[in-house]
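Have a look at the structure that comes next, please.
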Amino acid sequence: MDERYNPRIIEEKWQKVWAENNFHKTEIDRTKPEYYVLEMFPYPSGNLHMGHVRNYSIGDVIARFHKMRGYSVLHPMGWDAFGMPAENAAIKHGIHPAEWTWKNIANMRDQQNRMGLSYDWEREVATCHPEYYRWTQWLFLLFYERGLAYKKKAAVNWCPDCATVLANEQVIEGKCWRCDSVVIKQDLEQWFFKITAYADRLLADLKELKGWPERVKIMQENWIGRSEGTEFSFTVKETGDQIPVYTTRIDTVFGVSYVVLAPEHPLVEKLTQGTAYEEPARAFVQKMQSLNELSRTSTETEKEGLPIGVRAVNPFNGEEIPILIANYVLMDYGTGAVMGVPAHDQRDFEFAAKYKLPVKPVVQPADADNSSVLTAAYEDKGKLVASGEFTGMDNEAAKAAMTKWLEAKGRGKLRVNYRLRDWLVSRQRYWGVPIPIIYCAHCGVVPVPAEQLPVLLPEKVSFAPGAKSPLATVDEFVNVTCPVCGAAARRETDTMDTFICSSWYYYRYTSPRSTTAPFEAQEADHWLPVDQYIGGIEHAILHLLYSRFFTKILKDAGLTKVNEPFRNLLTQGMVIKDGAKMSKSKGNVVSPEEIIAKYGADTARLFILFAAPPERDLEWSDQGVEGAYRFFNRLWRLVHYYAPHLNGSGKPVGDKLNKTDKELRRIHHTTVRKVTDDISGRFNFNTAISSIMELVNAIYGYKEKAATPNIPVVRAAIRDIVLLLAPFAPHITEELWAAAGGQGSVHRQLWPVADEAALKAEEVEIVVQINGKVRDKIVVPAGLGAPQMEEQVHQLDRIKELTEGKQIVKVITVPDKLVNIVVK
RNA sequence: GCCCGGGUGGUGGAAUGGCAGACACAAGGGACUUAAAAUCCCUCGGGGGCAACUCCGUGCCGGUUCGAGUCCGGCCCCGGGCACCA
């Protein structure tokens, strides 16, 4: 063993050994329990950043730990390789997206290997590979067959910068999730996935996800946004048209003083046609449509409306009320029309105040006083007033009674509504999966037959973005013969949202080279669900919701038995420097390359796991890295010092141990237990590492104290340190394992188990309190009974002194911990 | 506005209701060295005291308890998510 720790040499050496032996190949041993650990696969931007380093370090510890614990572990890696940066690079630098992407993949894979990560590269997948996207297309067709992929013309979110449409989930505060541009609405014919058909199951099955952070489940719950209410119709007096409305407050229906339609509501044009309201209404609608999503839906925006000259009849009391159009009613939620109840809905209240519409209170609070004028809507519980036959009822009871009344008359019904919208999956971009659909003048929409998949991306394309997909400019791609009738037809030229690619990759890993199916059911059902999934909180809704949706469809189609794809989810915090997220614009980026070059991968990994628990944000500290490096040097020197005595299997730890030996042995086994608990239970790698440091410190202390060291005791402690550290620092521990006389690779050893007998201390220090304040300490034999403890405590001079002349009210004893004397 | 997290030394962070501050970083002092680096040892929440010791201290106010960073109620601040969702 070298005298000095040289990470550069040993890391290169072991990485070579592992690569040459295909060391991280997935072990197929069905006698062992299986464990699937997965880190969210990256977009191949070209370089790893510290967030990746954190993500992969966490995953690698979990993977290696489970291998040492006797599991057969699946730990794969791949590439979410379609997406716009590749196209932007093409536009900017004239390099083909494919070339750019594959080069980046090669570079990042190399960086991952230099981190010493235990991936089974035989299972690598890249979503831009034709053998992968072939199956993405196959799944699209499966969705299509099952009626879950459909086309519709709709006002869609358009990002002018990306020149493409976005799903609702990808619009954050009215802005594009990728580039932050303000999103506008456009009417386009687009492909959608019917995720709303699964809203109820996506919501209900959140309960199954015991291993998910509460807040992620809450975010999904809010996103799905289930509400229970009543749907019923108003009749337009002049034309007899029905206006269905949805309300969660049917109990306030006697307080309705107007009906509002969304500007885009289909009835608007019909009702105003040929009237004096036609022009103003059209102008109003146009004005609303020109506004972007952000200003249109903000609560800050002032409510604006316009009467359209017709009246609606309230089915409950026959009252005639005005119909208006207004900006605060949205076409794509509920029915696109609402009943206006200013007395009991704050939005309606504000609107009514502005347009001088009547306010009719129909729900009265228990402590009602009729004298005061309402200054805000009353939205709480109460008793119904002025509500015909329902007057006097409790408002909650009235909801049920009124809905029943409607049902009996066939004029309305109970309805569950969701905030969730269908997933818009078309993208007008080149670097994505072509949608495998053909349009034929005779046969209509024709899916590409499965045996003709993949529909390959043409290589020679002009990438300039526009309202149409770049694929539309490639004649050889567009022009095709109809698979049904053989007539000339044209291909769909949009590509798929890349979130489709990443919604099923964890299935592909289980049989990555299958040429007969997206994945083999037997393999998938063996490995899935993923036992531990690790990634950033930013995917709490998008990726995780889509993946859950995919899994449910795959289950319904009989392709898998799995109901939920990710059993346990760990959401890691961000890596921060100088109080802000690392970013180029802030100039606070620390590159993993540099750190690894300077200190080695083991140090980078140890620091990032030591500096904070994984769920919290982590403040980067150059001195902290230095500290991790110092620890390895300190450990190296310790092993080097004892190395001449550590060879061979050695004599077992005998029974002739002195006090110092026993104390070291106790710390040693306490550490084994603590590290095991910290890794397996709560992923507190920081405290696991700190207890290993304490053990190292304890051996240094032992080295000073013990005149003649008990070599078997030291050897056992050092070997276990190396084993406990192996998942964190895979390179140095290989080296130290050999130096400590270990046979074979440290990563093929079994995880150590704490010896219960060694854990027990013979003596313990207990705290003596008076009225809860520590007044003395005393060393007693471990396990001493309460009466004996008390007796010893009362003999202490200091306690005698302090309790003198006082009345002892009671004494609390906690074995091996404390005695508390309560005095008056 | 609503819904989640989180507030502990100079810093990152530890603490099944039982000694607050483990471990580490920074800082200060010392040893070794011609010197420096590296390494090793000591100090390190605040106040008072020569000292033994003592008082205060986990965002704020109150409560439960022999005992509260931890449990309960109310509030303040910070971070995140959602937001005309009828």
Side-chain angles (χ1 to χ4, degrees), chain A residues 4 172-174 213-223 225-227 229-231 245-250 252 260 262 296-303 326-330 332-341 344-348 350-351 417-421 537-538 540-541 573-574 576 606-607 610-613 615-628 630-631 633-634 637 684 686-697 700 704 765-777 798 809-814 816-823:
Chain A
R4 291 190 49 142
I172 318 253
E173 287 177 358
E214 211 51 44
R215 61 174 180 146
V216 173
K217 288 189 275 186
I218 286 166
M219 280 161 75
Q220 293 213 352
E221 199 178 312
N222 291 341
W223 188 260
R226 183 182 198 271
S227 78
T230 308
E231 187 177 315
V245 297
Y246 172 77
T247 178
T248 53
R249 290 299 306 273
I250 189 69
T252 65
V260 198
R296 172 70 194 280
T297 58
S298 163
T299 40
E300 317 282 280
T301 309
E302 193 171 341
K303 294 175 182 28
N327 61 344
Y328 76 100
V329 176
L330 309 173
D332 51 5
Y333 183 79
T335 61
V338 302
M339 59 183 212
V341 187
H344 304 292
D345 183 290
Q346 188 56 28
R347 295 158 303 184
D348 296 342
E350 287 164 24
F351 188 73
N417 217 8
Y418 296 94
R419 202 188 78 104
L420 183 72
R421 319 282 159 76
I537 185 78
E538 66 274 16
I541 295 170
M574 288 188 299
I576 302 280
L606 190 80
F607 166 72
F610 177 66
E615 306 224 52
R616 272 212 237 177
D617 286 350
L618 179 150
E619 173 77 30
W620 183 266
S621 153
D622 290 332
Q623 286 102 336
V625 179
E626 199 75 58
R630 269 206 294 267
F631 167 72
N633 277 287
R634 193 169 148 78
R637 286 192 303 272
N684 279 11
N686 55 334
T687 51
I689 293 166
S690 77
S691 68
I692 296 172
M693 288 173 168
E694 283 179 81
L695 177 53
V696 171
N697 291 345
Y700 267 97
E704 296 302 310
E765 189 184 58
I766 65 163
V767 170
V768 185
Q769 298 181 329
I770 293 177
N771 289 344
K773 292 192 189 249
V774 180
R775 285 294 179 260
D776 207 349
K777 288 170 188 179
R798 189 163 155 68
V809 181
K810 66 167 150 178
V811 179
I812 285 116
T813 52
V814 182
D816 294 349
K817 278 261 165 64
L818 64 77
V819 176
N820 186 15
I821 303 168
V822 185
V823 298

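Chain A is the first sequence line, chain B the second, and so forth, proteins listed ahead of strands; every chain is numbered from 1.
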- Message: Could you check whether any side-chain heavy atom of A:Tyr328 comes within less than 4.5 Å of a side-chain heavy atom of A:Val260, counting everything from C-beta outward?
- Response: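 Yes; the side chains approach each other to less than 4.5 Å.
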For nucleotides 46-57 of chain B, print each protein N/O atom paired with a nucleotide N/O atom at under 3.5 Å, atom names and distance only.
unit_1: B:U54; atom_1: OP1; unit_2: A:Arg798; atom_2: NH2; d: 2.4
unit_1: B:C55; atom_1: OP1; unit_2: A:Arg775; atom_2: NH2; d: 3.1
unit_1: B:C56; atom_1: OP2; unit_2: A:Lys773; atom_2: NZ; d: 3.1

- Give none if B:G1 has no partner; otherwise give the nucleotide forming a Watson-Crick or G-U wobble pair with it, both distances under 3.5 Å.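 Base-paired to B:C82.
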- Message: Just to be sure I understand the rule, does A:Val329 reach a base, reach only the sugar-phosphate, or reach nothing, if contact means heavy atoms closer than 4.0 Å?
- Response: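 Base: the residue A:Val329, judged by heavy atoms under 4.0 Å, touches a nucleobase.
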- Message: If I take atom CZ in residue A:Phe607 and atom P in nucleotide B:U11, what distance separates them, rounded to the nearest angstrom?
- Response: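 Whole-Å distance recorded here is 16 Å.
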- Item | Qualifying residues under side chain to side chain contact (heavy atoms under 4.5 Å, CB included), relative to A:Asn327, sequence neighbours excluded |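 A:Asn327 satisfies side chain to side chain contact (heavy atoms under 4.5 Å, CB included) with A:Met288, A:Arg296, A:Thr301, A:Lys303, A:Glu304 once adjacent residues are dropped.
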- Tell me the partner of B:C53, counting only Watson-Crick (N1-N3 plus N6-O4 or O6-N4) or G-U wobble (N1-O2 and O6-N3) with both under 3.5 Å; none if nothing fits.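 Looking at the geometry, B:C53 pairs with B:G48.
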- Task: Working to the nearest 0.5 Å, report the span between CG of A:Asn820 and CD1 of A:Ile812.
- Result: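 Between atom CG of A:Asn820 and atom CD1 of A:Ile812 there are 5.0 Å.
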- Touch check for A:Glu350, heavy atoms < 4.0 angstrom, all strands: base, sugar-phosphate only, or nothing?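 Answer is nothing: A:Glu350 stays at 4.0 Å or more from every strand.
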- Task: Identify, between A:Ala612 and A:Lys817, the residue whose nearest nucleotide on RNA chain B lies closer to the 5' end.
- Result: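 First, find each residue's nearest nucleotide; the 5'-ward one identifies A:Ala612.
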- Query: Rounded to the nearest 0.5 Å, what separation is found between the CE atom of A:Met574 and the CG atom of A:Leu618?
  - Reply: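 The distance works out to 11.0 Å.
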- Item | Results of side chain to side chain contact (heavy atoms under 4.5 Å, CB included) for A:Val819 - residues two or more places apart only |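 Here the qualifying residues are A:Ile766, A:Met789, A:Val793, A:Val811, A:Thr813, A:Ile821.
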- Nearest nucleotide by nearest heavy atom, which residue falls closer to the 5' end of RNA chain B, A:Val767 or A:Tyr333?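 Mapping each residue to its closest nucleotide by heavy atoms, the 5'-most match is A:Val767.
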- Nucleotide B:A26, atom C1' - distance to CG of A:Asp622 in whole Å: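 Going from CG in A:Asp622 over to C1' in B:A26 covers 13 Å.
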- Message: Can you tell me the base-pairing partner of B:G21? Count Watson-Crick or G-U wobble geometry only, both distances below 3.5 Å, and say none if there is no partner.
- Response: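 Per the H-bond distance test, none.
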- Item | side chain to side chain contact (heavy atoms under 4.5 Å, CB included) partners of A:Glu538, counting only residues at least two apart |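 If we apply the side chain to side chain contact (heavy atoms under 4.5 Å, CB included) test to A:Glu538, skipping adjacent residues, there are no hits.
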- Task: Give the rounded distance in Å between these two atoms: CD of A:Glu619 and P of B:U11.
- Result: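 Those two atoms, CD and P, are 12 Å apart.
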- Rounded off to whole Å, could you give me the CZ-to-P distance for the A:Arg419 and B:G81 pair?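 In whole Å, B:G81 P and A:Arg419 CZ are 14 Å from each other.
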- Message: Tell me which nucleotide, if any, is Watson-Crick or G-U wobble paired with B:U64 when both distances must be under 3.5 Å.
- Response: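 In the structure as shown, B:U64 has no Watson-Crick or wobble partner.
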- Query: Whole-Å distance between B:C40 P and A:Phe631 CZ?
  - Reply: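 Taking CZ of A:Phe631 and P of B:C40, I get 12 Å after rounding.
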- Item | Qualifying residues under salt bridge (Lys or Arg N to Asp or Glu O under 4.0 Å), relative to A:Asp348, sequence neighbours excluded |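 Testing A:Asp348 for salt bridge (Lys or Arg N to Asp or Glu O under 4.0 Å), a comparison that skips the adjacent residues, returns none.
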- Task: Measure from CG on A:Asp776 to P on B:G18 and round the result to the nearest Å.
- Result: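 Atom CG in A:Asp776 sits about 21 Å away from atom P in B:G18.
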- Residues which pass side chain to side chain donor-acceptor pair (under 3.5 Å) with A:Arg215, listed by chain and number, not counting sequence neighbours: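 For A:Arg215, no residue satisfies side chain to side chain donor-acceptor pair (under 3.5 Å) once neighbours in sequence are set aside.
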Interface polar pairs with nucleotides 23-25 of chain B, N/O, under 3.5 angstrom:
unit_1: B:A24; atom_1: OP1; unit_2: A:Asn697; atom_2: ND2; d: 3.1
unit_1: B:C25; atom_1: OP1; unit_2: A:Arg630; atom_2: NE; d: 3.2
unit_1: B:C25; atom_1: OP1; unit_2: A:Arg630; atom_2: NH2; d: 2.8

- Query: When syn is taken as a glycosidic angle within 90 degrees of 0, is B:G9 syn or anti?
  - Reply: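 In terms of base orientation relative to the sugar, B:G9 is syn.
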- Contacts of type side chain to side chain contact (heavy atoms under 4.5 Å, CB included), residue A:Ser621, not counting sequence neighbours: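 Listed in chain order: A:Phe607, A:Gln623.
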- Residues from residues 334-341 of chain A lying under 4.0 Å of RNA chain B - heavy atoms: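 Going residue by residue through residues 334-341 of chain A, the ones with a heavy atom under 4.0 Å of RNA chain B turn out to be A:Val338.
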- Closest to side chain of A:Thr687, choosing from B:G81, B:C40, B:A14: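 Nearest listed nucleotide: B:A14.
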- Which part of the nucleic acid, if any, lies within contact of A:Asp332, taking any heavy atom under 4.0 Å across all strands shown: a base, the sugar-phosphate backbone alone, or nothing?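 Counting heavy atoms under 4.0 Å across all strands, no contact is made by A:Asp332.
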- Look up atom OG in A:Ser690 and atom CG in A:Asn697, then write down how far apart they are to the nearest 0.5 Å.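 Reported to 0.5 Å precision, the distance equals 10.5 Å.
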- Does B:C75 have a Watson-Crick or wobble mate here (both distances under 3.5 Å), and if so which one?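 Per the H-bond distance test, B:G59.
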- Using Watson-Crick or G-U wobble geometry with both distances below 3.5 Å, tell me the partner of B:A26, or none.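 Here B:A26 is not engaged in any pair, so there is no nucleotide opposite it.
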- Message: Over all strands shown, is A:Pro213 touching base, sugar-phosphate only, or nothing at heavy-atom distances under 4.0 angstrom?
- Response: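 No contact at all - A:Pro213 keeps every heavy atom at 4.0 Å or more from the nucleic acid.
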- Query: According to the Watson-Crick and G-U wobble definitions, with both distances under 3.5 Å, which nucleotide is paired to B:U39?
  - Reply: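 Partner of B:U39: B:A31.
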- Message: Can you tell me how far apart CZ (A:Arg775) and CZ (A:Arg798) are? Round to the nearest 0.5 Å.
- Response: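 So the CZ of A:Arg775 and the CZ of A:Arg798 are separated by 6.5 Å.
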- Query: If you measure from CD on A:Glu214 to CE on A:Met219, what distance do you get to the nearest 0.5 Å?
  - Reply: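 So the CD of A:Glu214 and the CE of A:Met219 are separated by 13.0 Å.
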Using a cut-off of under 3.5 Å, enumerate the N/O to N/O pairs linking the protein to nucleotides 2-7 of chain B.
none

- Message: With salt bridge (charged side-chain N to carboxylate O under 4.0 Å, His left out) as the criterion, how do A:Asp345 and A:Arg249 come out once you've worked through the C-alpha distance, each side chain's angles and the decisive distance to 0.1 Å?
- Response: CA-CA 9 Å; A:Asp345 183 290; A:Arg249 290 299 306 273; over 6 Å; no
- With sequence neighbours excluded, tell me which residues meet side chain to side chain donor-acceptor pair (under 3.5 Å) with A:Gln346.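 Side chain to side chain donor-acceptor pair (under 3.5 Å) list for A:Gln346, sorted by chain: A:Glu350.
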- Message: Between A:Asn222 and A:Arg419, is there a side-chain donor-acceptor contact under 3.5 Å, judged purely by atom types and distance?
- Response: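 Side chains of A:Arg419 and A:Asn222: no pair found under 3.5 Å.
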With the criterion being N/O to N/O and under 3.5 Å, what pairs connect the protein with nucleotides 61-66 of chain B, and how long is each?
unit_1: B:C66; atom_1: OP1; unit_2: A:Lys810; atom_2: NZ; d: 3.3
unit_1: B:C66; atom_1: O2; unit_2: A:Asn820; atom_2: ND2; d: 2.5

